[in-house]
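Taking it in order: structure first as structure tokens, then the write-up.
Quick note: numbers below take in every heavy atom, side chains included, and nothing from hydrogens, waters or symmetry partners. Note that this is a predicted model, so its numbers are computed, not measured.
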Amino acid sequence: MLFYHPSYSDLSLPPRHRFPIDKYRLLYQQLTHTPCAQWLTQSKRIATPEQLMVCHDTHYVAQFLDGTLSAGAIKRMGFPWSPQLVERTLRSIGTTLEATELALSCGFAANLSGGYHHAFSDRAAGFCIFNDLAITARALIKNGQADTVLLLDCDVHQGDGSAEILKSDTQIITCSLHCEQNFPKLKQASDYDFALPIGCSDEAYLATLDEALSLCTRLHQPDIILYNAGADIYHRDELGHLDISLEGVLARDIQVLKHAKQHQTPLMAVLGGGYQRNISRLVEVHKQLFIALQQVWPERFNTPSAQ
């Protein structure tokens with residue numbers, strides 16, 4: 001299933017705000033006109049404070065939920081606080097948890113939001129409030145649903161919050177492919193960091209991804225992959241700095257999905273980042289994940305497979 005909720009784009013932001021909040025609604029609308037329409041569903045789950053506190057400081061969780069964050073904390077978060085933001089955040093986290101449970105039984109699921117990898121244990125950063133992938137990974141281990149979880153982060157920015165939160169979790173493997181000279185300035189230590197130079201090409205990127213997938217699979221044999229499919233690797237992304245074509249984005253997503261399918265490893269995907277003021281072009285980049293899905297699992301869509 002592909003999970004969506006209207007709250008993802010239901011957030012009032014100041015004029016010219018950097019975050020492309022409409023992309024979720026527009027992507028959902030486009031997918032309703034594709035073979036993926038049969039798999040679209042509205043998420044129902046809302047994360048609880050207890051679920052957040054599996055990874056996040058109790059006081060930080062309480063301050064966000066009741067609107068008492070300091071001005072400095074709100075500035076680092078990147079969003080003005082509002083009840084809308086609380087609902088959107090809790091639904092996004094809850095949906096990542098919900099989609100992951102389905103992926104365990106069906107092989108694949110996606111949240112048309114998520115990927116909040118800059119959220120640290122005690123603070124928000126870079127439009128990320130609570131770290132949905134870290135929360136989900138810990139829930140899987142705690143509930144006995146997996147022995148080893150691979151958090152594969154292909155957003156252009158390093159998953160610094162994930163690395164900080166999970167640094168002592170031996171059963172959760174953090175692997176980040178990111179642009180070295182990009183936000184965040186101060187990097188954290190993931191289990192595996194593949195730092196790519198500015199202007200990295202399709203060929204070099206895909207070769208590095210193959211190395212990362214092969215290494216993590218050979219050494220750790222994960223029971224599930226949590227995949228951050230950031231659209232900001234695209235060469236026209238305004239915060240990206242890599243030279244990846246649209247075809248390269250599609251090839252990346254096909255490579256990840258094929259790897260999961262060939263190794264019979266369940267995979268749950270989230271959208272991650274993407275920063276183009278041309279929203280329709282940004283949505284097209286995010287849509288590559290769902291084109292890849294149709295090509296890798298044609299039996300679910302009755303469409304030709306990727307060669």
Side-chain angles (χ1 to χ4, degrees), residues 7-24 46-94 96 113-136 138 151 153 155-168 174 176 178-190 193 228 230 232 237-241 270-275 277:
S7 65
Y8 293 171
S9 285
D10 185 19
L11 187 61
S12 298
L13 297 175
R16 301 290 296 169
H17 191 278
R18 195 66 195 79
F19 194 80
I21 196 67
D22 290 330
K23 72 178 184 179
Y24 306 100
I46 299 175
T48 65
E50 292 74 22
Q51 288 172 321
L52 303 177
M53 287 185 284
V54 167
C55 287
H56 294 283
D57 176 78
T58 302
H59 297 295
Y60 168 52
V61 171
Q63 288 174 340
F64 174 75
L65 294 179
D66 64 20
T68 57
L69 290 171
S70 68
I74 291 173
K75 183 177 181 180
R76 286 193 300 272
M77 181 166 66
F79 293 125
W81 186 91
S82 67
Q84 283 179 312
L85 180 63
V86 173
E87 180 186 357
R88 178 185 186 274
T89 300
L90 296 181
R91 285 197 179 276
S92 295
I93 306 296
T96 295
S113 179
Y116 303 121
H117 62 165
H118 297 310
F120 281 67
S121 57
D122 62 351
R123 64 190 185 275
F127 309 127
C128 302
I129 300 163
F130 300 120
N131 196 310
D132 60 322
L133 296 180
I135 290 167
T136 299
R138 277 201 177 157
L151 202 167
D153 195 332
D155 191 279
V156 80
H157 306 109
Q158 193 214 27
D160 54 340
S162 304
E164 181 264 338
I165 291 171
L166 301 171
K167 60 187 175 184
S168 300
T174 53
S176 179
H178 55 268
C179 181
E180 183 173 18
Q181 295 174 280
N182 204 327
F183 179 89
K185 184 177 181 180
L186 178 62
K187 305 294 192 290
Q188 301 292 317
S190 309
D193 282 304
N228 186 352
D232 43 14
D237 195 274
E238 290 139 27
L239 301 182
H241 308 325
V270 293
L271 289 193
Y275 301 94
R277 296 211 183 264

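- Residue Ile165 holds its CD1 atom at 9.0 Å from CG of Asp122, rounded to the nearest 0.5 Å.
- Side-chain contact check for His157 and Asp155: at least one donor-acceptor pair (N or O, by modelled atom type) lies under 3.5 Å.
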#### Entry: Test log, rule side chain to side chain contact (heavy atoms under 4.5 Å, CB included), inputs Thr174 and Asp153
CA-CA 8 Å; Thr174 53; Asp153 195 332; over 6 Å; no
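- Applying the salt bridge (charged side-chain N to carboxylate O under 4.0 Å, His left out) criterion to Arg76, with sequence neighbours excluded, gives no partner residue.
- Annotation: side chain to side chain donor-acceptor pair (under 3.5 Å) contacts of Glu87 (sequence neighbours excluded): Arg91.
- To the nearest 0.5 Å, the span separating CZ on Arg277 from CZ on Arg18 amounts to 4.5 Å.
- With sequence neighbours excluded, the residues satisfying salt bridge (charged side-chain N to carboxylate O under 4.0 Å, His left out) with Arg138 are Asp169.
- Defined by atom type and a distance below 3.5 Å, a donor-acceptor pair is missing between the side-chain atoms of Ser176 and Ser190.
- Considering CG of Asp132 and CD of Gln51, their distance stands at 12.0 Å, rounded to 0.5 Å.
- Between His17 and Phe79, the ring-plane angle classifies as parallel under the 30° and 60° cut-offs.
- Using modelled atom types, no side-chain atom of Lys23 and backbone atom of Tyr275 make a donor-acceptor pair closer than 3.5 Å.
- With hydrogens and angles disregarded, no donor-acceptor distance shorter than 3.5 Å links the side chain of Asp232 to the backbone of Asp237.
- The OH atom of Tyr60 lies 9.0 Å from the CG atom of Leu52; values are rounded to the nearest 0.5 Å.
- One distance of note links CG of Asp10 with CZ of Arg88; it measures 10.0 Å at 0.5 Å rounding.
- Of the possible donor and acceptor atoms, none in the side chain of Gln188 sits under 3.5 Å from a partner among the backbone N and O of Ser162.
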### Task
Apply the test side chain to side chain contact (heavy atoms under 4.5 Å, CB included) to residues Asp193 and Gln158: give CA-CA distance (whole Å), side-chain angles for both, the deciding distance (0.1 Å), then the verdict.
CA-CA 8 Å; Asp193 282 304; Gln158 193 214 27; 3.1 Å; yes
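- For an aromatic pair to be called close, the ring centres must be under 6.0 Å apart, and Phe64 with His56 fails this.
- Counting only distance, with no hydrogens or angles, the side chain of Lys185 and the backbone of Asn182 share no donor-acceptor pair below 3.5 Å.
- One finds the CG atom of Asn131 at 7.5 Å from the CG atom of Leu151 (value rounded to the nearest 0.5 Å).
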